Structures are given as structure tokens and as C-alpha cells.
Amino acid sequence: MKRNALVLALVLVAAASGPAAQGASDSDARVHALPVAPDVSWTGQQYPAADSNGNVYLLRAQKLEIYPVESDRTLGEPDKLRAAQVETPDPVLDAQMDRHGDWVLVQGAGVRWFPAGKEKPLPALSWMPTAVELRQGRPIAAVVPFAFGRPTGARRHGVPFLLSAGTHDWSTLVESDLDEPADARSMVPIHDHAGHLSTAADGEICFAHLYRYHLECFTPGGRKHLDVTVEGGKVAHRASDDEVLEAARVELEEARARTSDPERVKIVANKGIKAILDLTEGPDGLYLLVNNPDGEGLVLDRFNTVTQTLERVEIAGARAKGAMSMVAGKDGLYLAAFNGASGRWMIPWEDLAEVAWEPVAGVEIDQQMTPTAVP
């Protein structure tokens, strides 16, 4: 679980203890991310997580190995999750651990659950999972509304946005605003539903959208009570000469050259630009890892749920591109690139306490939203 109340006391101690530790920001305008285990590299996905004491662990997803992160930012000897199925080459697209050490993963088009480190089968999903969390010991999933497989109870009763795993089926916790499943050839549902989940000890759920700056928080019963957007929560799109689009054009031409009917070959290119890369609960609010909208690199946003303010600081030292993940540990925020060969970092809490945060422009905040829970 990403919430860690113990961190608050640690931050207060650090803030009162004098000068910041080595590696602190040399400028009031940004914080420096310190490398974690820079001599360790592997090809494949990685995800950081923290237990109830703020101890941080790193999942090497393809091998299901869990490495403890030591106080000197090295990796200790790993333990291994015990699988109940034959391993597949499908990538792990999201992974979370709760305060007790239980894990839940999105792998391919399914969700895998490892209570006490041993896999326990879950009901099949009829929707594409994009993010998972553990809420009070049970898996929940955010889904993109592309339907597949046999109709389940949740699929028969509408289009879901958030689902909760039961013994025999998944139940809808929050409904999508769609009346019917989306067309798999359209990028709009992905831009509207892909994102990241974070849960709290009291059952509150927060969802940060991946392709637009939109943060939504729900009560344990599924009622939306907080909605935060920046610049209207619009999706930014790649320029026509973007390297990703150019690569898609090359792939399309190569595919057409191999067939006798070139006009029937089509490629759906994702023109959306990732906005929020991950979120985690910190000692003084929600932290969001964001692609810098004003240039290259990353910024860190902090939403204070008490003062209802959104602030930002630039991150120096973490240069990964693409997907990333983040968790709050007892000594700082831990960031990890999607690929284990692309790096991982830590930002000390004392540095974040001393840096000059700047207010984010274009913020709209709405609380006490109309209930959206399924009766």
C-alpha cells in the first residue's frame, strides 16, 4: 500500500535536524534524485513498493523476485513470489504491494494476486485491466472498457470503471460514463480510462489518469468526493513529426509491402502524450509524478488535501522516458523506470521539505461530487 503514516514523523525529525543530507537540491527550484542500485540492471519490468514501516522493496516482474532496498540504496537478497500458473512472456503492466506484503499484478489482460507471497486464483475479467491495488486485502482494478471473454456479472450490468474482486466474480465499484463497450480500434477510451490507483487504510481510492491531468478520489463505497484537473484535464497529442508516429508510418509501409492488398493494412497509432506517470500517498498529501509539460524531464506535484493546493517542483537526475512508478518510503520517495535497465532513484524527504514548491497554474478542484457508486 502506498499510504504510510509513519513517514510524517520521520519528515518532522529530518526537518528539525539541521542541514539536508548529501544530494539535496543545490537550487531552490528543483530536487535531485539519487540513484538506487545503479550497478544492478536487468531487462524487464520493475516496480517499487513499501510496507507499513516504510521499508522499500523492488519487484523484478519477469522473475517474480522481491528485492529489499537497503539503507545505503543497494539491493539485498531477493525472495520469490510463488506462482500457481505457468509463466508467460506477457509483460507486467502494473504491480502493487500492500502494508502486509501481499502483491497484485496486471499481466497481459489478467490480474494475479499473491496473498502472503503465494498466488491465489482470481475470477476471470471481461474487461482490459489498466491498474490494480489492494483495498483492505482484496484486489481492485481500473479497466479500459474493451470487452472480451465470457460476460461476467459486472459486464452484464453496465460498463465499469473500477471493479472489486469477489470470490466468484468481479463487482462494479464505480461505473464508467459509457453506455456500451468501446471500440478497440479507438484510442479515446485508453486516453480516458488508463491510469494509476492508490488506496488508503480507510478504503479511500484515488485514480490518476495517465494521458490527461485528472485526479479522482472515491469513498470506500465508490462515491466521488474529489476531482482535480489541470488545464481542463485535456489530452495533449504528439506533433505530426513525432518519432513515435514516424516509427508507426515506417511499420505500416513495411507491412503493406508484404501483402497483395496494401489498403487493407492499417495501424492504430497512439497520439496521446503521457501526463501523470504515477501517484502515491505521502506524509502531507498525494504526490504525483508528472511529465514536464513545459519541457524535457520530470516534475513532482504535491496535492495537499487539507489546504486544497497543488504545488510543483522540478526533478533533476531521473532521466527515464516512458512509463514509471513511484512509492513513499520511510526515508524518501522512490522512483523506478518501467525497464530495470533504465534506472531507479530516491528523493529524500528532507530535500522535499526544504525545496521551494511553486503553485501549479490552471488547477480546478471540485469536492463533494454527486455519488457515482453502484447501489
Side-chain angles (χ1 to χ4, degrees), residues 1-3 44-50 56-66 81 83 85 87-99 101-115 119-120 122 124-125 127-135 138-146 160-165 170 173-174 189-200 205-211 214-216 218 270 272 274-281 286-291 320 322-328 334-340 342 344:
M1 180 177 295
K2 294 183 177 181
R3 183 186 292 266
Q45 307 86 52
Q46 61 178 357
Y47 293 93
V56 176
Y57 300 85
L58 187 71
L59 170 67
R60 183 176 181 178
Q62 286 186 324
K63 291 183 175 293
L64 297 180
E65 293 177 342
I66 310 298
L81 297 177
Q85 64 185 57
E87 293 304 310
T88 72
D90 293 335
V92 174
L93 302 177
D94 191 30
Q96 304 289 348
M97 185 189 82
D98 70 6
R99 59 181 298 177
D102 298 346
W103 283 86
V104 62
L105 321 175
V106 173
Q107 186 168 24
V111 176
R112 302 179 67 181
W113 180 30
F114 295 84
E119 187 168 15
K120 185 174 182 179
L122 287 170
L125 270 174
W127 308 92
M128 181 184 295
T130 178
V132 286
E133 256 285 11
L134 287 164
R135 185 181 67 146
R138 296 291 299 182
I140 61 171
V143 295
V144 175
F146 298 147
F161 175 47
L162 298 180
L163 291 167
S164 178
W170 293 79
L173 182 63
V174 178
I190 292 179
H191 294 164
D192 287 347
H193 291 79
H196 320 280
L197 283 169
S198 179
T199 60
I205 308 163
C206 288
F207 181 82
H209 290 258
L210 176 60
Y211 287 99
H214 188 190
L215 171 68
E216 301 177 86
F218 302 87
N270 186 355
K274 293 182 176 68
I276 304 175
L277 300 177
D278 205 1
L279 80 163
T280 189
E281 184 78 11
L286 284 166
Y287 283 79
L288 300 104
L289 185 62
V290 179
N291 266 328
M324 295 187 69
S325 52
M326 175 174 65
V327 74
Y334 284 77
L335 322 177
F338 181 71
N339 194 305
S342 298
R344 56 200 76 90

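Residue indices begin at 1 and follow the sequence shown. It should be emphasised that the depicted structure is a prediction, and the values quoted were computed from it without experimental measurement.
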Gap between atom CG of L279 and atom OG of S198 - 0.5 Å precision: 4.5 Å

Working for side-chain contact (heavy atoms from CB on, under 4.5 Å), residues H193 and W127: CA-CA 12 Å; H193 291 79; W127 308 92; over 6 Å; no

T130 and L93, any side-chain heavy atoms less than 4.5 Å apart: no

Any donor-acceptor N/O pair, D94 side chain to V106 backbone, under 3.5 Å: no

Closest non-hydrogen atom pair, C206 against L215: CB-CD1, 4.3 Å

Smallest separation among heavy atoms of W113 and R138, with atom names: CH2-NH1, 3.1 Å

Q107 side chain vs D90 backbone, donor-acceptor pair below 3.5 Å: yes

Least distance between heavy atoms, P139 atom then L134 atom: N-CD2, 3.7 Å

Donor-acceptor contact present, side-chain Q45 to main-chain A61, <3.5 Å: no

Validation row: F146, I190 side chains within 4.5 angstrom (heavy atoms): yes

side-chain contact (heavy atoms from CB on, under 4.5 Å) between L277 and M326, worked out: CA-CA 9 Å; L277 300 177; M326 175 174 65; over 6 Å; no

Y47 side chain to L105 backbone, donor-acceptor under 3.5 Å: no

Shortest non-hydrogen contact from A275 toward Y211: CB-C, 4.0 Å

Sequence-distant partners of H214, ring-ring contact (aromatic ring centres under 6.0 Å, His included), two or more places apart: H209

Approximate separation, where rounding is to 0.5 Å, of W103 CH2 and I66 CD1: 4.5 Å

Matching residue for Q46 among E65, R344, R60 - test: side-chain contact (heavy atoms from CB on, under 4.5 Å): R344

Side chain proximity check, H196 to L210, heavy atoms < 4.5 angstrom: yes

Sequence-distant partners of Y287, ring-ring contact (aromatic ring centres under 6.0 Å, His included), two or more places apart: W349

Closest contact, heavy atoms only, S342 versus A337: CB-CB, 3.6 Å

Distance in Å, Y334 OH paired with S325 OG, rounded so as to fall on 0.5 Å steps: 13.5 Å

Test item: I205 and V174 side chains (from C-beta on) under 4.5 Å apart, heavy atoms: no

Value rounded to 0.5 Å, distance of CG in L64 from CD in E119: 8.0 Å

Approximate separation, where rounding is to 0.5 Å, of L197 CG and T199 OG1: 8.0 Å

Closest contact, heavy atoms only, W170 versus A141: CZ3-CB, 3.9 Å

Euclidean distance, R135 CZ relative to Q96 CD, rounded to 0.5 Å: 15.0 Å

